[in-house]
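Within every chain, numbering begins at 1; the chains are lettered A, B, ... in the order of the sequence lines, protein sequences first and strands thereafter.
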Protein chains: 2
Amino acid sequence: MAAQRGQRNGVGDTPPAPTAAEITAPIPRVVAEVPAARERARAIPEAAVARLAVYLRVLSGMQDQGSGTVSSEELAVAAGVNSAKLRKDLSYIGSYGTRGVGYEVAVLIEEIERILGLTRKQSVAVVGIGNLGHALANYGGFPGRGFPVTALFDVDPDLIGVPVGGLPVEHIDDIPTICAEREVSIGVIATPPPAAQTVCDRLVEAGVQCILNFAPVVLQVPDHVEVRKVDLAVELQVLSFHVARRADNAAATNGVAPEFNGKVNGMVVT
Amino acid sequence: MAAQRGQRNGVGDTPPAPTAAEITAPIPRVVAEVPAARERARAIPEAAVARLAVYLRVLSGMQDQGSGTVSSEELAVAAGVNSAKLRKDLSYIGSYGTRGVGYEVAVLIEEIERILGLTRKQSVAVVGIGNLGHALANYGGFPGRGFPVTALFDVDPDLIGVPVGGLPVEHIDDIPTICAEREVSIGVIATPPPAAQTVCDRLVEAGVQCILNFAPVVLQVPDHVEVRKVDLAVELQVLSFHVARRADNAAATNGVAPEFNGKVNGMVVT
DNA sequence: TACCGCTTGTGAACGCATGCACAAAGTCGC
DNA sequence: GCGACTTTGTGCATGCGTTCACAAGCGGTA
Ligand SMILES: NC(=O)c1ccc[n+]([C@@H]2O[C@H](COP(=O)([O-])OP(=O)(O)OC[C@H]3O[C@@H](n4cnc5c(N)ncnc54)[C@H](O)[C@@H]3O)[C@@H](O)[C@H]2O)c1
Ligand SMILES: NC(=O)c1ccc[n+]([C@@H]2O[C@H](COP(=O)([O-])OP(=O)(O)OC[C@H]3O[C@@H](n4cnc5c(N)ncnc54)[C@H](O)[C@@H]3O)[C@@H](O)[C@H]2O)c1
């Protein structure tokens, strides 16, 4: 029980268990984690990693558009972040900029891909080929970004063997063999909530070390497995909170209706 | 330009613009934000809000299962967080526990729902009824949680009028009238990336103040609009990063293969 | 009623992340 | 070749979020 932890990536969610950002810190763990590992894999804050992925996409767009170099300011605006933050994020992976000029787009793409481990293709398996699973299996954006979907699993006998997005659905009992055979490194769970934990356990048993979970449940996994969750209900509820707070504030500030209480369309009146 | 900002919720992403957590802090803003608003809507960290949504779901499950009360420890384990963190999160919304006993499940549910603004139903519109849009429209989990999907939009003439999940698809030109009429408070964008910004602008014009964006683009919105994004490519890439880092560490630590290097299945060996 | 054990709620400390501001470093023009 | 200008990379301060640890408070019990 003590070895288990909640999955990360909510908002600002820093897990109690070791993170990339903590590998240099003293860890109250007993096995593995030798100090010698410090030099390699510099500690990159998890938040920065997520942003690097965003920069990468923006950079790809720029490259397609023919840009040769970008300044931190341009890239920051395009990625929707502060330019200082962007430079700091990039500094985690090294110094690839030229002062007075900016960054070479191609170089930056290559370096970010290297850090994110995208040089090696990460094979993805989707479990639960229902509404969401179909959408994921049909989505062309993954293979294009280095994440080929190489296996689909379900329990529904009517689905087994049916090709979805060009790939036949397999039975979940075949997870061990197929995942090993196709070197699946990321498992995506899109089953109903009650089945999620079982499916997760099977994937882990099969050696899958990373899980992306769409089911609204807290998965229990061993320490060496990385879980991220996408929880739409939570997203909507956070938005709902902001609506409520805004309404409260507006009501407290003055008697004006919640919408359009004097603020010009996003521009701060100075 | 200065009034625009990147959307939040990456990992540990704290926005540059005012957040719930900042309303008590001195803000270098010029309009609105009157000090009088301080008493109401206590400053709840955004990260805590996201977790409250998780607690709510766990609590609902407990209630269905007949539990009358829970201790912070039980709830924390079920939600996958530290019990101290859980208590602090709950303390943001008030003191509804009984020392020596725990929390009454029903009371906690009610209070969290109140804070998250779930007492008022939040009407949702989905734009872009493709693979993902279909899945969202058919998903039964939203209405059940206080988020009725009341409108679907697309541009594809073949889709207009076709019922999806029991609701006919409307043309995006009707966004203004329909959103107003059905009091849509949350817009979900599931269009191809190039269309996302335009769709977003239309929603904002129609008075929608909250947006959940699935398209892998950085949306530019005025200050009073709240955007959250769900970016699967980023999720996968963060997972990929962890695979890479782990492989690096293992290689540096000893010559052992990345998988199963001595650790017992999640249990820390003491 | 008084005591005891249990759990909450929170003050305080710590650590991570953000943003600022500037020195270092390179380019471009002359 | 030199100076001025531009942009990077980063030390530092600040603020937010997490965690610890414990006093306060409540129910049960004698
Ligand atoms: N559809 C959405 O838009 C949406 C949105 C948010 C969250 N989710 C979550 O995603 C998950 C999937 O949603 P959905 O709408 O696709 O559901 P769905 O019912 O359409 O599909 C679920 C699929 O999982 C399969 N399945 C059931 N048990 C299984 C098992 N033990 N092993 C393997 N496969 C199994 C079913 O056969 C079915 O094909 C759910 O947990 C849901 O809460 C979905
Ligand atoms: N399908 C997935 O699993 C998945 C995963 C991650 C991200 N996404 C993202 O979600 C978005 C939708 O993906 P999808 O697979 O459903 O795509 P899709 O092509 O299946 O569907 C897109 C839909 O949007 C409609 N559309 C196009 N332009 C529009 C406009 N201007 N206004 C309104 N509607 C418009 C199209 O008619 C189509 O019905 C994309 O941005 C994609 O990158 C999808």
- When the distance from OH of Tyr103(B) to P of dG25(D) is rounded to whole Å, what number comes out? 15 Å
- In whole angstroms, how far is the P atom of dG17(D) from the CG atom of Leu86(B)? 17 Å
- Task: Specify the separation, in whole Å, of atom CG of Leu75(A) and atom P of dT8(D).
- Result: 10 Å
- Query: When the distance from CD1 of Ile44(B) to P of dT18(D) is rounded to whole Å, what number comes out?
  - Reply: 13 Å
- Can you tell me how far P of dG9(C) sits from CD of Glu111(B), to the nearest Å? 12 Å
- Side-chain N or O of Ser72(A) less than 4.0 angstrom from OP1 or OP2 on dT8(D)? yes
- Query: Quick one: is dA17(C) close enough that its OP1 or OP2 comes under 4.0 Å of any side-chain N or O from Asn82(A)?
  - Reply: no
- Message: If you go through the side-chain atoms of Arg99(B), does one of them form a donor-acceptor pair with the base of dT7(C) closer than 3.5 Å?
- Response: no
- For Ile186(B) and Val208(B), work out which heavy atoms get closest and say how close. C-CG1, 4.1 Å
- Message: Measuring from the side chain of Pro45(B) (C-beta onward, heavy atoms only), which nucleotide among dT8(C), dG17(D), dT18(D) has the closest atom?
- Response: dG17(D)
- Does Arg87(B) put a side-chain nitrogen or oxygen below 4.0 Å from OP1 or OP2 of dC20(D)? no
- Note on the structure: Considering only heavy side-chain atoms of Thr98(B), the closest of dT10(D), dT8(C), dC26(D) is dC26(D)
- Counting only heavy atoms not in Glu111(A), do more than 12 fall under 6.0 Å of its CD? yes
- Query: Can you tell me how far C1' of dG9(C) sits from OH of Tyr92(B), to the nearest Å?
  - Reply: 12 Å
- Provide, to the nearest angstrom, the distance between the CG atom belonging to Leu90(A) and the P atom belonging to dT7(D). 16 Å
- When rounded to whole Å, the OH to P distance for the pair Tyr96(A) and dT7(D) reads 22 Å
- Looking only at heavy atoms, what is the nearest atom pair of Gln220(B) and Asp201(B), with distance? O-OD1, 4.2 Å
- Message: Need to verify one output field. Residue with the more 5' nearest nucleotide on DNA chain D, Ala84(A) or Val101(A)?
- Response: Val101(A)
- Message: With hydrogens left out and only the distance checked, is there a donor-acceptor pair under 3.5 Å joining Lys88(A)'s side chain and the base of dG19(C)?
- Response: yes
- If you check every side-chain atom of Lys85(B), which of dG9(C), dT8(C), dT19(D) has the closest atom? dT19(D)
- Query: In terms of side-chain heavy atoms, does Glu46(A) have a donor or acceptor partner in His242(B) at a distance below 3.5 Å?
  - Reply: yes
- Answer with yes or no whether the side chains of Glu104(B) and Thr69(B) bring together a donor and an acceptor at under 3.5 Å. no
